[in-house]
Amino acid sequence: QDTGGAGNLLATAGFQYVPPLPTLGVDSLADLTQLTLLNTDVTNPTAIDVGADGRLYLAQQNGLIQQLSIVQDVVESGGVTTQTWSVTNRVDITAVQDMPNFNDFGCYDPSVDNRQVTGLVASTDASGLVMLYVSSSDPRIGGGSGGESEDLDTNSGVVSRLTQTPDGQGGFTWEKVDLIRGLPRSEENHATNGMRLYTKTNGDQVLIVTSGGNTNTGAPSNNF
């Protein structure tokens, strides 16, 4: 009872603990230094992660995923340390970029030949090979204050898993499986977006997927 004699109800709520992200090993943001990655060409990067193979996996807005091998070069001269990071090898992964697109009535549209990718998470399979979880959607952008309807597929959000697979000749191919289809996608550019993969205490892995609102957070549009 409270001080006035009225009864109080106890409410219970369930929750799930999400482990914190790993620390960067720096004391403050002031300890971080921005360096330009050399020997690569990137167009509209949207997501990035490091694979268990030590390579950098970088997604572009147009659906292309770059697998980058990187080396660090440190030079000491006159008491000054200079470091650079350079790409020594690049492999383009097009399994998501090559996915077919449709209009909003479900008809195949061969004129649209790439995908909008805004999320990428690297993991490994049971044998230690790299797996990539990638979120993609129709690449067309309509709506907006000055845009027109592009008849894009507003249910085109897809979460795909790419698994590194030996090709029998010393190299690798990428096997793609679409895990989830039909996620919402706005008439502008909000879509299936960033992701995070974490492991629960019982060993199960959970993939958290964010999704943009179909009204682009209320942005003005000629279409509504």
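Numbering of residues begins at 1 and proceeds along the displayed sequence. As a basis for the values below, the full set of heavy atoms in this structure was taken, side chains included, without hydrogen atoms, waters or symmetry mates.
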Is it true that [X] and [Y] fall in one hydrophobic cluster, defined by side-chain heavy atoms closer than 4.5 Å?
{"X": "L207", "Y": "I180", "answer": "yes"}
{"X": "V50", "Y": "V42", "answer": "yes"}
{"X": "M99", "Y": "L120", "answer": "yes"}
{"X": "V96", "Y": "V158", "answer": "yes"}
{"X": "M131", "Y": "L197", "answer": "yes"}

As an exercise, state the distance from [atom1] of [X] to [atom2] of [Y], rounded to the nearest 0.5 Å.
{"X": "T165", "Y": "L129", "atom1": "OG1", "atom2": "CG", "value": "7.0 Å"}
{"X": "E150", "Y": "N103", "atom1": "CD", "atom2": "CG", "value": "12.5 Å"}
{"X": "L38", "Y": "T88", "atom1": "CG", "atom2": "OG1", "value": "12.0 Å"}
{"X": "I48", "Y": "Y57", "atom1": "CD1", "atom2": "OH", "value": "12.5 Å"}
{"X": "Q66", "Y": "T40", "atom1": "CD", "atom2": "OG1", "value": "4.5 Å"}
{"X": "N62", "Y": "S136", "atom1": "CG", "atom2": "OG", "value": "12.0 Å"}

Is there a side-chain contact (heavy atoms from CB on, under 4.5 Å) between E188 and I141 once you walk through the steps? CA-CA 5 Å; E188 220 260 345; I141 299 177; 3.9 Å; yes

Report yes if some heavy atom in the side chain of [X] is under 4.5 Å from a heavy atom in the side chain of [Y]; otherwise report no.
{"X": "R115", "Y": "S156", "answer": "yes"}
{"X": "I93", "Y": "L132", "answer": "yes"}
{"X": "N114", "Y": "Q97", "answer": "yes"}
{"X": "D153", "Y": "N101", "answer": "no"}
{"X": "Y133", "Y": "V209", "answer": "no"}
{"X": "E187", "Y": "L152", "answer": "yes"}
{"X": "W174", "Y": "Q67", "answer": "yes"}
{"X": "V159", "Y": "L183", "answer": "yes"}

What closest approach, in Å, do [X] and [Y] show between heavy atoms, and which atom pair accounts for it?
{"X": "A191", "Y": "S137", "result": "CB-OG, 3.3 Å"}
{"X": "S123", "Y": "Q205", "result": "OG-NE2, 4.0 Å"}
{"X": "Q164", "Y": "D53", "result": "NE2-OD2, 4.1 Å"}
{"X": "K200", "Y": "V206", "result": "CD-CG2, 3.3 Å"}
{"X": "P139", "Y": "V112", "result": "CG-CG1, 3.4 Å"}
{"X": "V130", "Y": "A52", "result": "CG2-N, 4.2 Å"}

[Y] backbone acceptor or donor facing [X] side chain under 3.5 Å:
{"X": "T118", "Y": "T192", "answer": "yes"}
{"X": "R90", "Y": "D41", "answer": "yes"}
{"X": "Q116", "Y": "N189", "answer": "yes"}

If you apply the rule side-chain hydrogen bond (donor to acceptor under 3.5 Å, both in side chains), what do you find for T173 with D167, and how did you get there? CA-CA 6 Å; T173 59; D167 62 5; over 6 Å; no

Residues K176, V134; criterion side-chain contact (heavy atoms from CB on, under 4.5 Å); working and verdict: CA-CA 10 Å; K176 182 179 74 70; V134 183; over 6 Å; no

Output yes when R140 and D109 qualify as a salt bridge under the 4.0 Å nitrogen-oxygen rule, no when they do not. yes

Show the numbers, then the answer: is there a side-chain contact (heavy atoms from CB on, under 4.5 Å) between L58 and Q60? CA-CA 7 Å; L58 184 149; Q60 297 185 170; 4.2 Å; yes

